[in-house]
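All chains are named by letter (A, B, ...) in the order of the sequence lines, taking the proteins before the strands, and each is independently numbered beginning at 1. On a predicted model such as this, the values are computed, not experimentally measured, just so you know.
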There are 2 protein chains.
Amino acid sequence: MDKLFKALNDPTRRAILEQLRAKDMTAGEIAEGFTVGKPTISHHLDLLKQAGLILPEKNRQFIIYSLNTSVLEECFAWLLKITKKQKRGA
Amino acid sequence: MDKLFKALNDPTRRAILEQLRAKDMTAGEIAEGFTVGKPTISHHLDLLKQAGLILPEKNRQFIIYSLNTSVLEECFAWLLKITKKQKRGA
DNA sequence: TCGATATTTTGATAATAATCGAAATATAAA
DNA sequence: TTTATATTTCGATTATTATCAAAATATCGA
């Protein structure tokens, strides 16, 4: 939960997720789209990985990242809880 | 968007929102529930206010905060976008 | 094996954020 | 008008995060 919100709290990381929505990409391909350096992107990928939002798969010398939105269920659930009016006594 | 995700990226602030779900509260009442000091809570309230997640209303010497979940629409929309498979050519 | 490519890790720095005590502001009550 | 209460603002400190350059790791191709 904490890691999920932390991962989402950065425009670069959210942009990475948006890119991965279109297609799986290697770390290098992801880095190309940004002005920040590769070590920085690697760090962002690590945080996204820790949150479970992306899944790495090694292929030859590349690491291909894919989007995993299933972990967002938890996020949706919390937001829904907050959004819904609380029942008396609950 | 940025301010929204930032506001949600803190357990104390999320707890404040959960409390306000049950009932409107003054800054002092909110602060009672936490170990951190009042200036710190005031700062958290400010960030939540900036994100539009809470609305202050002055009543005598108190400020009563209420939850405003309408701004979460934007958040839901983004999460849904990410979750849904991308259309070809989109 | 050697050199090139892909990615991460390390170590350092700079920017951002959380926290506190003290002071400031505003309102109320005596 | 003085005192008390509610809340915020200020200034400083600490903790966390983003970023970079350089070094390390892993795999490939010649």
Report task. In whole angstrom, give the distance that lies between atom CD1 of Ile63(A) and atom P of dT9(C). Result -> 9 Å
Requested in this report: Using a 4.0 Å heavy-atom cut-off across all strands, classify Asp46(B) as base, sugar-phosphate, or nothing.
Outcome: nothing
Requested in this report: In whole angstrom, give the distance that lies between atom CZ of Phe62(A) and atom C1' of dT25(D).
Outcome: 16 Å
Query raised in the report: Whole Å only: how far is the CD atom of Glu29(B) from the C1' atom of dT7(D)?
Result: 13 Å
Requested in this report: Just compare dC20(D), dT19(C), dA18(D) and give me whichever is closest to any side-chain atom of Pro39(A).
Outcome: dC20(D)
Query raised in the report: Is any side-chain N of the basic residue among Lys6(B) and Asp10(A) closer than 4.0 Å to the acidic one's carboxylate O?
Result: no
Report summary line: To the nearest 0.5 Å, atom CG of Leu67(A) lies from atom CG of Leu72(A) at 7.5 Å
Query raised in the report: Crowded around Lys23(A) NZ? As in, over 12 foreign heavy atoms under 6.0 Å?
Result: no
Report summary line: Computed from five pairs at either end and rounded to 10 degrees, the angle between the axes of the helix from dT1(C)-dA30(D) to dA30(C)-dT1(D) is 10°
Query - Separation of dA26(C) P from Lys58(B) NZ (nearest whole Å) - result: 8 Å
Query - Lys6(A) vs Lys38(A), nearer the 5' end of DNA chain D by closest nucleotide - result: Lys6(A)
Requested in this report: Taking all non-hydrogen atoms of both residues into account, name the closest pair between Ala7(B) and Leu47(B) and its distance.
Outcome: CB-O, 4.2 Å
Query raised in the report: Touch check for Leu47(B), heavy atoms < 4.0 angstrom, all strands: base, sugar-phosphate only, or nothing?
Result: sugar-phosphate
Query raised in the report: Hey, is the main chain of Ile16(B) close enough, under 3.5 Å, to the side chain of Arg21(B) for a donor-acceptor pair?
Result: no
Requested in this report: Give Thr26(B) one of three labels, base, sugar-phosphate or nothing, depending on what nucleic acid heavy atoms sit under 4.0 Å from its own.
Outcome: sugar-phosphate
Query raised in the report: What is the distance, rounded to the nearest whole Å, between atom NZ of Lys3(B) and atom C1' of dA17(C)?
Result: 15 Å
Report task. Could you check Asn9(B) against Lys49(A) and say which one's nearest nucleotide on DNA chain C is further toward the 5' end? Result -> Lys49(A)
Query raised in the report: Out of dT7(C), dT19(D), dT9(C), which has the shortest distance to the side chain of Ala27(A)?
Result: dT7(C)
Query raised in the report: Between dT19(D), dT9(C), dT19(C), which nucleotide has the shortest distance from any of its atoms to the side chain of Ser42(A)?
Result: dT9(C)
Query raised in the report: Would Leu17(B) and Ile54(B) satisfy side chain to side chain contact (heavy atoms under 4.5 Å, CB included), going step by step from the backbone distance to the final call?
Result: CA-CA 8 Å; Leu17(B) 296 178; Ile54(B) 62 175; 3.9 Å; yes
Query raised in the report: Hey, mind stepping through Trp78(B) and Glu73(B) against side chain to side chain donor-acceptor pair (under 3.5 Å) and telling me if it holds?
Result: CA-CA 9 Å; Trp78(B) 189 86; Glu73(B) 285 305 320; over 6 Å; no
Requested in this report: Let me know the distance between CG of Leu45(B) and P of dT9(D), rounded to the nearest Å.
Outcome: 11 Å
**Report entry** N or O in side chain of His44(B) less than 4.0 angstrom from dT19(C) OP1/OP2
**Finding:** yes
Query raised in the report: Backbone N or O of Leu79(B) within a donor-acceptor pair of the Thr83(B) side chain at under 3.5 Å?
Result: yes
Report summary line: Rounded to whole Å, NE2 of His43(B) lies from P of dT14(D) at a distance of 18 Å
Query raised in the report: The side chain of Tyr65(B) lies closest to which of these nucleotides: dT7(D), dT17(D), dC20(D)?
Result: dT7(D)
Requested in this report: Take atom CD1 of Ile30(A) and atom P of dA6(C), then tell me their distance rounded to the nearest Å.
Outcome: 14 Å
Query raised in the report: Which nucleotide in the set dC20(C), dG29(D), dT27(D) lies at the smallest distance from any side-chain heavy atom of Arg60(A)?
Result: dG29(D)
Report summary line: Closest to the side chain of Gln61(B), out of dT9(D), dC20(D), dA28(C), is dA28(C)
